[in-house]
Structure formats: C-alpha cells, structure tokens
Amino acid sequence: MDWQTVRSHFPITQAYLFFDLANKCALPYFATRAIQAYAEQQAGNSGDKGEWFRTIEEARERFARLVNAHPTEVAILKNTSEGLNIAANGIPFKAGDNVVVNLSEHPNNIYCWLNLQRQGVEVRWAPTRNGEVTEDALAATVDERTRALAIALVTYAPGNRNDVKALAAFCRERGIYTVVDAVQAVGTLNVDVADLGVDVLATSGHKALFVPHGVGLFYCRRDLLDTVAPLYVARTSVVKPVAVEHDAAEYALTLAPSAARYEIGNNNYLGITVLNESLKYLLGIGMPMIERRMLELSGYLTERLSTAGFEVLSPREAHRRSAIVCVRVAEPTRLHAWLLERKVITTCRRDSLRLSLGIYNTEAEIDTFIALLQTYPR
Amino acid sequence: MVAEPVAPVVARTPAEAYRDFPAAEELTYLDVAARCVFPRCVREALDRHLDHRMLAGADKPKLFAMVEETRRRFAALIRAHPEEIAFTKNVSEGLNMVATGLDWRPGDNVILCPQLEHPANIYPWLNLRRLGIEVRTVPPRAGAIPVEEMLARADGRTRVITASSVTFAPGFRTDLDGLGRACRERGIMFVVDAAQSVGVLATDVQRSCIDALSVSTQKGLLGLYGMGFLYCRREWADRMQPVYLARFGVDLGEAHEASMGEFDFRLRPAALRFDLGNYNFVAAVAANASIQYLRQWGPAAVEAYVLDLSHTLARGLLDLGLPVCGGAPGAHLAHIVSVGRLGSGGHDSTEDPRFAALHKYLVENRVRLSIRRGILRLSLHVHNTLRDVERVLDLVKRAP
C-alpha cells in the first residue's frame, strides 16, 4: 500500500502532527468535496432526495461489508449514544435483571444503562485491570439475572482492546446480550461482527470513518431484530406506507423487517453522503491492511516512547493494542498545551496524554514527535 | 428571557431577500414545505467550517460555543429560554422524546387529528397504546384541525393534545393560541409539530401557551437535514424522564465531556436533558447562520411578507378557476397554497390527471412544487417575490 498517497488525501498532515483521531477526525479532501457538492446542490435546487435514498442504501451495504454484517442488520443513526440507547431500551429487561458495565467505558456507554435503574434494573460493575475486562472478571460479576454486557471493543483510554470474542462467547452460552461500543475500533481495526459473535454494536462516523459529527451506525444481529424493539417510531421505521384517507386504525405499527426499524424520520443526508465516500475509500484499501498498518504504527510509537523513558499505559501485545497509545505524564494538560503550541494535536484522558493514530500518520512523524517530546521541560 | 443581540438592522426589506438565494436566479422555488434552498450566508458559513475541520483540529470548545449560540438564537426566535431547547436530529425524534418522556398511566389519553397530521406526529402516540394509553382521534373540519372538537373530546384523563401548527397538506394554520390557552387552563400538555411553520410564520411559545414543540432545520429554518430542535417548557421538562440518556443530558457541572459524574446522577435542567451524544456540528453551523439571517427582519415582518404573497397567489389561482383548498384566503391560509382535492392520491402523488398534467407543465417551466396526498402544494418563503407569484399565475393561464 502506498501510504504516502493516502497521506496526501489528508490536508491536516501539512499543518500538524495529528495524533487525535480518537477524538474526532480532520476531514480529508474527499469528505470536504462531497460536502461542498451537497451544499451547492441544496443552495442551487434543494437537492435530490431520491439520490440521497440511494446513497443511504449504498452506505448501508458498504458499512455491512466493512464489519462483515448483512445490510438488513445495519441502521444509520445520529451517533453512538443513540445506538446504545436503542440497545438499552430494546433489550427486554425485567425488574431485578442486571447489566454489566465497567469503569473504563465512555460515559455514553454508562448513562444509558444507569437510566434503567428506575425500571428496577441493577447496574453491575465488572472489575478492570488497566482498562481490560477479562473473562474471569466477567464470570465473577454475572449471575443468573444478568441480561446484558455493555463493553467497548477498544477503550477510549488507555486504548486497550478487550477480548470481545471470548466475552461474547461466554455471554452467548448464558443468554446474555453482548452490546459493543466500537467507536474506537471501527475504521482503524478490522472489526468482524460475525467473528466476534456480538449481538449489538454501535459506533459513529466522526472518528476513523472521516465523517462530520452527526452520523451513527448500528448493528443488530438479524435473529435479534424482533427482540430488540425500538422505542421511537416514525414512518421510516414501519412497513406500511401512509394510507391516504388514513385514520388511526390504518397506522398499524408493523415494524420494518430489517434494522431500518431503528431509523426515524429524515436522516443526515449530508453526513451519509460523506460516509458513503469514506467507506468506499476504506474498503478500497481494505480493513485487514489498515489494521496491520495501525498496529505497526502504534507498536512503533509504543516502542519509541518506552525507549525514551516514558511510561506507556496502553498494552504492548499486538492483539491487545489498538491505534491509541496513552502515556502517563505528570500534568497532561500542560503537556497537551505545550504540544499544541508546537502544532501537535493530542488529547488528555484520565490523567494521561492520549495519542491516537490514523492511516495518514508515519514513522517519520513519530520520530519528530519523540524528538520534540525530549525537549519538553519536565 | 435571555436577550440575544440581533445583527444591526439592514436597510432592506424581505422583498429584497431573493438576491441572497442563488436558486432564485434559476428557479421559481415554491417548495420550502418539502425543504429549503440555502441563502448564500449558509453556504459561506459551511465553507468556513469545512476549512476549519479540514485544516485545524482540536477546537472543540469553539464548536460547543457555536452550538450554545445556536441554541440561544433558536430560543430567541420562538421566545423560549435556551434551557428549554434540546438538539434533535429531526421532528420525529423530538416528538418521540416527548411521547416517551411523560409519566403515563394506563387509561390516560392523547387527542389528535390523524387525517391532517404528518406520520411523524402520529406514530409516537400510537406507540403508546402498548402502555394502555388511549389515542383519541378527531376528524378535520373544513380541512383544518378543529380546536373546539378536540377540546370537546378532552376529559380528566387527557394528558396531551397535539397538533401541527401548519399541516403538511393542505397547509392550513391551526389556531394555536386558542388551543394552547384552553390546554393550559385544563393542565393538558400542548404539543406542537411545527415542522411547517417555524422560520416562516412567527412563533411565540409563550403567547400560544405551547408546552412542547418539535421542528427540523431543513424547511423554514433554511438549514440542513439531520438536525432539529425540541422546545419543552421548563415546567414540563423538569418533570420528564428521557428514555434515551447520554453524557450531555446529565448535570456534571463543568466537567469534561468524557468524564463521568456520580452514578447517582442528576439530569440537566429543563430540555437540556434531551441532548443526546455528539451534536451535528455542520447542521448547527448552518442553522446558526440561517436563524441569524432570518432574524434580521424579525419573525413578524417575514410572516407578513410571505402571507401577502400566499394571499395573492391563492386569489390569483381562484380567479383562474382552480380549486384552491380552503377557498378565499382567510385566517386559515399560511405560506402554503394547495390546489385540488385532498386525499385523491398517495403521500406524494395525485390520481387527478388534470393536476398531474399541470404539475408536469410547471416543473418543465422551472417551477418547483410538491404533490402531497393528491393536491398540488405551493409553498413560499422570503426568497419568493411577487414576480414568482405572477410567473406561476401566468404559467397556469397558459398551461395546456
């Protein structure tokens, strides 16, 4: 793969060392071109809804291909939170049931579950070690009333990869739903929902899928569509088109047979237009290739940081690693600001400096960064 | 109310607004009831935002400041408090938030006029039947949502009355003030689907005693698809429990967006609790610019200008012998002029060959309009002029 060409598609690389994809992307040229074309259309003649609908189905099919799902298992939403809330409200909990979460989750994969407490659902906390929930930890937390496990495929900090395949297998045997927040994995790692054996997966477009904020993606395994019922409904989520001289009786709430049942109302057509372009781009490179490259880069960054005497919090083993590398530093906000002044974009998370990589980053950038870091007045 | 500064008054009237719309040069665009065409300022705002999102990175505080400014601007537009405004993705989401956020008891009821409501304001209520909620339906009266009949159906178990401010077809105005006041007196929540009116017609949630209002940004607000606003009056919102909850709906003080508060969390005040996950910043940038654009004249001036056009159009079509819905222009007439017989077609088709032919002729002559439920729908906004109206009337006259 010619990564230098890939790099040239991302104008941010001309101005910054951009190590912040886990926060949000900097838009590549193909994204801004798509947005400008869309805006020109809406300014000129208000755009073509038929074309947008075709784009939605293309994007749905492409995302399905990206994560090895079937298009009927994919819904396009507004963000990760919407998907996680659909799962939390759709899984048939009874009072006294419990859900297992953990403290390494992003708050958006916690509040949707805490919100079930008022229905008598108990929220249980699985112990973590450096961000990871092991199968043993899960086994020690569940009981016969456990209905769901909510877990990140990759944590937002320290960026470890949970062994979701093993956890999902454990859950499957016990009739526990596995709900995965994959926002820090999709687009950088080769996420395969069939291989992982997960039930529900939620992610968004604004990180490694290079889409502006406002697009979420949701996977629900086909045989669970009827169980995980949507709480919000609209014309777009039901089967029957609107009758003409309609009265209430004609509005049968027959949900769409696919994951489209989770889509309500007009969608973010602009965002999905960009998503479609991005997916085309990523599939063109291929996720296995991208994952290999990301792990190569995060491995290199980890090694260079360690050699330079920094404490890397993220795992070292390739199968536990992601495109995120967190470093323990004394005052992360001070270092973050110091780096920003020197045109390096990073993020502070949980008392560490988070460096998150994308397909446009290079070993040479990492070398530059390490050299710069060694001049930081500690 | 929080005073939101409005751009200095430009020595212009809404009649000159068409100059700001590139589409007005090419088309007679009478279809804002479907979606808008942008004014130039929206495109320019989007371009600036894109440059930023392409070339600069970590400036989320600025984006959040822009989101809050947009919230304030929208609040001011409808005379609400910013804390009474949530960001949504569309009208459906806002209405679903309200319908699922109330503390329903089996046997409660909701009243609506389904024959005139858009499905977006029907399904969320029908979906409550699984909780034992009764959906009471009222037929239209002369093509309009009948205020008195709705109130007559209300009883001690009526929790919500919902209506569109302007129906998507035939496009008549609802007497919001009358319905709202009566609901307020009886303690009934008054929920308004304002998809067709906000941005074109003046909206005053205080005067109309509106308790909740849902709107999207791609029609009268001159913005993008994929974003909307939910207004929810504080007295109701503070008692509501959002079924979907994320970090932005929780009161953590000034903590970072990825930080976690207490497990025993507190919801944010009023409608802020309905904010869910990351904002659609691009659409917020568009709405931020377009609302400010509309506010240069004030909602009353925009409404007066557009209603003058719709009255002229309706009268002209009647004079040409066309069956304009509602007949002579009156209090029922909004910015939408409909022609034909309601219900003689599907959601976006007509069975009447005469009107299908007229629609085709107008489209061929670069007029943009819609067919909704059998009728031709012509809708107006500030980018339209008297010339547009005269052009359409002339085309109708010459139509084969």
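In what follows, chains carry the letters A, B, and so on, assigned in the order in which the sequence lines appear, proteins first and then strands, with residues in each chain numbered from 1. Note: hydrogens, waters and symmetry copies are ignored here, and every other heavy atom, side chains too, is used. The model shown is predicted, which means the values in this text are computed figures rather than measured ones.
- Around atom CG of Asp351(A), no more than 12 heavy atoms belonging to other residues, nucleotides or ligands sit under 6.0 Å away.
- Interface residue Ala39(A): backbone and side-chain heavy atoms are both found under 4.5 Å from chain B.
- The residue among Arg40(B), Gln241(B), Gln218(B) with the most heavy atom pairs within less than 4.5 Å of chain A is Gln241(B).
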Intermediate values then yes/no, side-chain contact (heavy atoms from CB on, under 4.5 Å), Leu21(A) and Phe210(A): CA-CA 9 Å; Leu21(A) 186 59; Phe210(A) 305 115; 3.8 Å; yes

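- Checking Phe229(B), Phe248(B), Phe274(B) one by one against Phe87(B), the ring pair (Phe, Tyr, Trp, His ring centres under 6.0 Å) holds for a single residue, Phe229(B).
- The parts of Ile264(A) that come within reach of chain B are both its backbone and its side chain, each placing non-hydrogen atoms under 4.5 angstrom from that chain.
- Using a 4.5 Å cut-off between heavy atoms, Met97(B) touches chain A through backbone and side chain atoms alike.
- Of the listed residues (Leu224(B), Leu63(B), Val32(B)), the greatest number of heavy-atom pairs within a distance under 4.5 Å of chain A belongs to Leu224(B).
- Looking at Leu27(B), the atoms closer than 4.5 Å to chain A (heavy atoms on both sides) all sit in the side chain, from C-beta outward.
- Per-residue heavy-atom pair counts under 4.5 Å with chain B were compared for Glu40(A), Lys343(A), Gln42(A), and the maximum is reached by Gln42(A).
- Among all heavy-atom pairs drawn from Tyr16(A) and Glu365(A), the shortest one is O-OE2, 4.1 Å.
- In terms of heavy-atom pairs under 4.5 Å with chain B, the best-connected choice from Pro28(A), Gly216(A), Gly265(A), Gly271(A) is Gly265(A).
- If you measure heavy-atom distances from Asn268(A) to chain B, the contacts under 4.5 Å come from both the backbone and the side chain.
- Of the listed residues Phe21(B), Trp125(B), Tyr29(B), the one with more heavy-atom pairs under 4.5 angstrom with chain A than any other is Tyr29(B).
- Heavy atoms of Asn89(A) lying under 4.5 Å from chain B belong exclusively to its side chain.
- For Ser81(A) and Asn108(A), the side-chain atoms include at least one donor-acceptor pair closer than 3.5 Å.
- One side chain, Asp275(B) or Tyr279(B), offers a donor N or O that lies under 3.5 Å from an acceptor on the other.
- When every heavy atom of Ala287(B) is checked against every heavy atom of Thr217(B), the shortest pair comes out as CB-CG2, 4.1 Å.
- Of the atoms belonging to Pro242(B), it is backbone heavy atoms, and not side-chain ones, that fall under 4.5 Å from chain A.
- Of the two parts of Tyr38(A), only the side chain, counted from C-beta on, holds a non-hydrogen atom closer than 4.5 Å to a non-hydrogen atom of chain B.
- Proximity to chain B is absent for every atom of Leu84(A), based on heavy atoms less than 4.5 angstrom apart.
- For the options Ser204(A), Pro212(A), Gly47(A), heavy-atom pairs under 4.5 Å to chain B are most numerous at Gly47(A).
- With a 4.5 angstrom heavy-atom cutoff, Gln14(A) does not touch chain B via any of its atoms.
- In this structure, chain B has no heavy atom under 4.5 Å from any part of Trp113(A).
- Taking the six-membered ring for Trp and thresholds of 30 and 60 degrees, Tyr225(B) and Trp52(A) have ring planes more than 60 degrees apart, a perpendicular arrangement.
- Chosen from Ala246(B), Ala99(B), Ala24(B), the residue pairing most often with chain A at heavy-atom distances under 4.5 Å is Ala246(B).
- The distance from atom CG of Asn23(A) to atom OG1 of Thr346(A), rounded to the nearest 0.5 Å, is 10.0 Å.
- If you measure heavy-atom distances from Lys49(A) to chain B, the contacts under 4.5 Å come from both the backbone and the side chain.
- There is a side-chain donor-acceptor pair under 3.5 Å between Thr347(A) and Asp20(A).
- With respect to chain A, the highest number of heavy-atom pairs below 4.5 Å among Leu222(B), Val282(B), Asp31(B), Asn280(B) belongs to Asn280(B).
- Checking Asn90(B) against Glu93(B) by side-chain atom types alone, no donor-acceptor pair falls below 3.5 Å.
- If you take CD1 on Ile12(A) and CE on Met54(B), they are separated by 9.5 Å, rounding to the nearest 0.5 Å.
- For the residue pair Thr80(A) and Thr203(A), no side-chain donor N or O sits within less than 3.5 Å of a side-chain acceptor on the partner.
- Interface summary for chain B: among Leu231(A), Leu270(A), Ile35(A), the most heavy-atom pairs under 4.5 angstrom belong to Leu231(A).
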